[in-house]
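Structure first, then comments.
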Amino acid sequence: MSAPRLVVHRDKELMAEAAAARLITAVVDAQAARGTASVVLTGGRNGNGLLAALGRAPARDAVDWSRLDLWWGDERFLPGDDPERNVTQAREALLDRVPLDPARVHAMPASDGPLGDDVDAAAAAYAAELAAAAGPGAPAGVPVFDVLMLGVGPDTHVASLFPGLPAVRETGRTVVGVRDAPKPPPTRISLTLPAIRAAREVWLLAAGADKAAAAATVLSGADEAAAPAAGARGREATLWLMDEAAAADLPRER
């Protein structure tokens, strides 16, 4: 696993714009090298801010959107049209305005879908979709994502892996149902740390003063069971994309 590298921007708006430009470059490079690209999206204010900035970026048309697979790191287990779902917010921020192949937009199941409100069955179905895309013999049971993005919570959670909950210790499955999450809604679906660590690059997004303590905790060498973001590493690169407010508690020699 790669060691974390920090990129600190003046404010959250500049961070979003720079991250969007970085993502365009990563996708274009992956498509040039392998024909397609695979990206895992994150929700929340930083993830949606990045998507909105991507929609405004002059270089966005350099991406061949028809050859891009989109996945999610986690999802709120709510009805399909709920405005709080990550996929709903991503569509509003960007996805409905670019020519994606609908078959390559891999939303996590909704609570009113064919599987009903069984979150474990929904998680297993998403794991099966990932495994099918990965192909036989994939060591992690998921595709090798080119970029996997995660927002970092003030409590150090990433995806829906919260400190102290069983999901953060999961090693056998790639996707799990999460119950009793400490922020609403309590029922969610999440990739596990082994699935996250299959990505070539993992980008952790942290903006705002409310993320400063979490960033300092994780980057000081915390254990992943107590600080899940500490377990989010990419095979080739791990980037912390931050604004100055989120980096305020880090050593000055960063």
Side-chain angles (χ1 to χ4, degrees), residues 36 38-44 47 68-82 84-91 95 100-151 153 157-200 202 224-225 228-229 231-235:
T36 63
S38 180
V39 172
V40 179
L41 300 181
T42 186
L68 176 63
D69 282 283
L70 293 179
W71 304 87
W72 271 262
D74 74 325
E75 185 57 276
R76 299 169 173 102
F77 197 50
L78 297 167
D81 60 354
D82 194 292
E84 293 300 310
R85 274 174 59 84
N86 289 334
V87 65
T88 306
Q89 295 175 4
R91 291 188 183 282
L95 305 190
L100 292 160
D101 178 352
R104 290 186 155 192
V105 178
H106 306 276
M108 286 183 166
S111 62
D112 60 350
L115 298 170
D117 62 359
D118 185 340
V119 69
D120 295 321
Y126 204 66
E129 187 174 354
L130 285 162
V142 298
V144 179
F145 309 116
D146 293 294
V147 176
L148 185 149
M149 294 183 287
L150 298 165
H157 85 267
V158 288
S160 285
L161 304 176
F162 292 90
L165 291 189
V168 76
R169 295 184 174 87
E170 177 64 45
T171 59
R173 292 176 289 174
T174 58
V175 188
V176 291
V178 176
R179 296 178 175 82
D180 300 321
K183 59 182 293 187
T187 307
R188 296 157 173 259
I189 302 172
S190 184
L191 297 188
T192 61
L193 287 175
I196 289 169
R197 290 193 285 251
R200 290 186 171 91
V202 170
E224 65 190 43
R233 300 284 184 93
R235 291 165 49 180

For L70, which of V87, L100, V40 qualifies under side chain to side chain contact (heavy atoms under 4.5 Å, CB included)?
->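 Single pass found, and it is L100.
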
From L193, V176, V158, V178, residue fulfilling side chain to side chain contact (heavy atoms under 4.5 Å, CB included) relative to V168 =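 When side chain to side chain contact (heavy atoms under 4.5 Å, CB included) is applied between V168 and each of L193, V176, V158, V178, only L193 qualifies.
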
With side-chain contact (heavy atoms from CB on, under 4.5 Å) as the test, would you mind laying out the steps for L130 and L191 before giving the verdict?
-> CA-CA 10 Å; L130 285 162; L191 297 188; 3.8 Å; yes

Provide the closest heavy-atom pair for [X] versus [Y] in the form atom of the first, atom of the second, distance.
X: L115; Y: A121; value: CD1-O, 3.5 Å
X: W72; Y: A90; value: CZ2-CB, 3.9 Å
X: S111; Y: P79; value: OG-N, 3.0 Å
X: A195; Y: F145; value: O-CE1, 3.9 Å
X: A199; Y: L148; value: CB-CB, 3.7 Å
X: L165; Y: R169; value: O-NH1, 4.1 Å

Test your reading of the model: is there a side-chain donor-acceptor pair from [X] to the backbone of [Y], 3.5 Å cut-off?
X: R200; Y: V144; answer: yes
X: S190; Y: D74; answer: no
X: T42; Y: G47; answer: no
X: Y126; Y: T174; answer: no
X: E170; Y: G172; answer: yes
X: E75; Y: N86; answer: yes
X: D146; Y: V39; answer: no

Distance, nearest 0.5 Å, that separates [atom1] of [X] from [atom2] of [Y]:
X: L150; Y: L161; atom1: CG; atom2: CG; value: 8.5 Å
X: R85; Y: R76; atom1: CZ; atom2: CZ; value: 10.5 Å
X: W71; Y: R104; atom1: CH2; atom2: CZ; value: 10.5 Å
X: F162; Y: K183; atom1: CZ; atom2: NZ; value: 6.0 Å

Sequence neighbours left out, what pairs pass salt bridge (charged side-chain N to carboxylate O under 4.0 Å, His left out) with at least one residue falling in residues 106-120?
->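 For residues 106-120: D120-R179.
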
Pairs touching residues 133-142 that satisfy side-chain hydrogen bond (donor to acceptor under 3.5 Å, both in side chains), sequence neighbours left out |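 Sorted result for residues 133-142: empty, none.
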
Could you go step by step and tell me if I189 and V119 meet the side-chain contact (heavy atoms from CB on, under 4.5 Å) rule?
-> CA-CA 7 Å; I189 302 172; V119 69; 3.9 Å; yes

Do P185 and L78 have side chains that get closer than 4.5 Å, going by heavy atoms?
->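 A side-chain contact exists here, since the closest heavy-atom pair is under 4.5 Å.
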
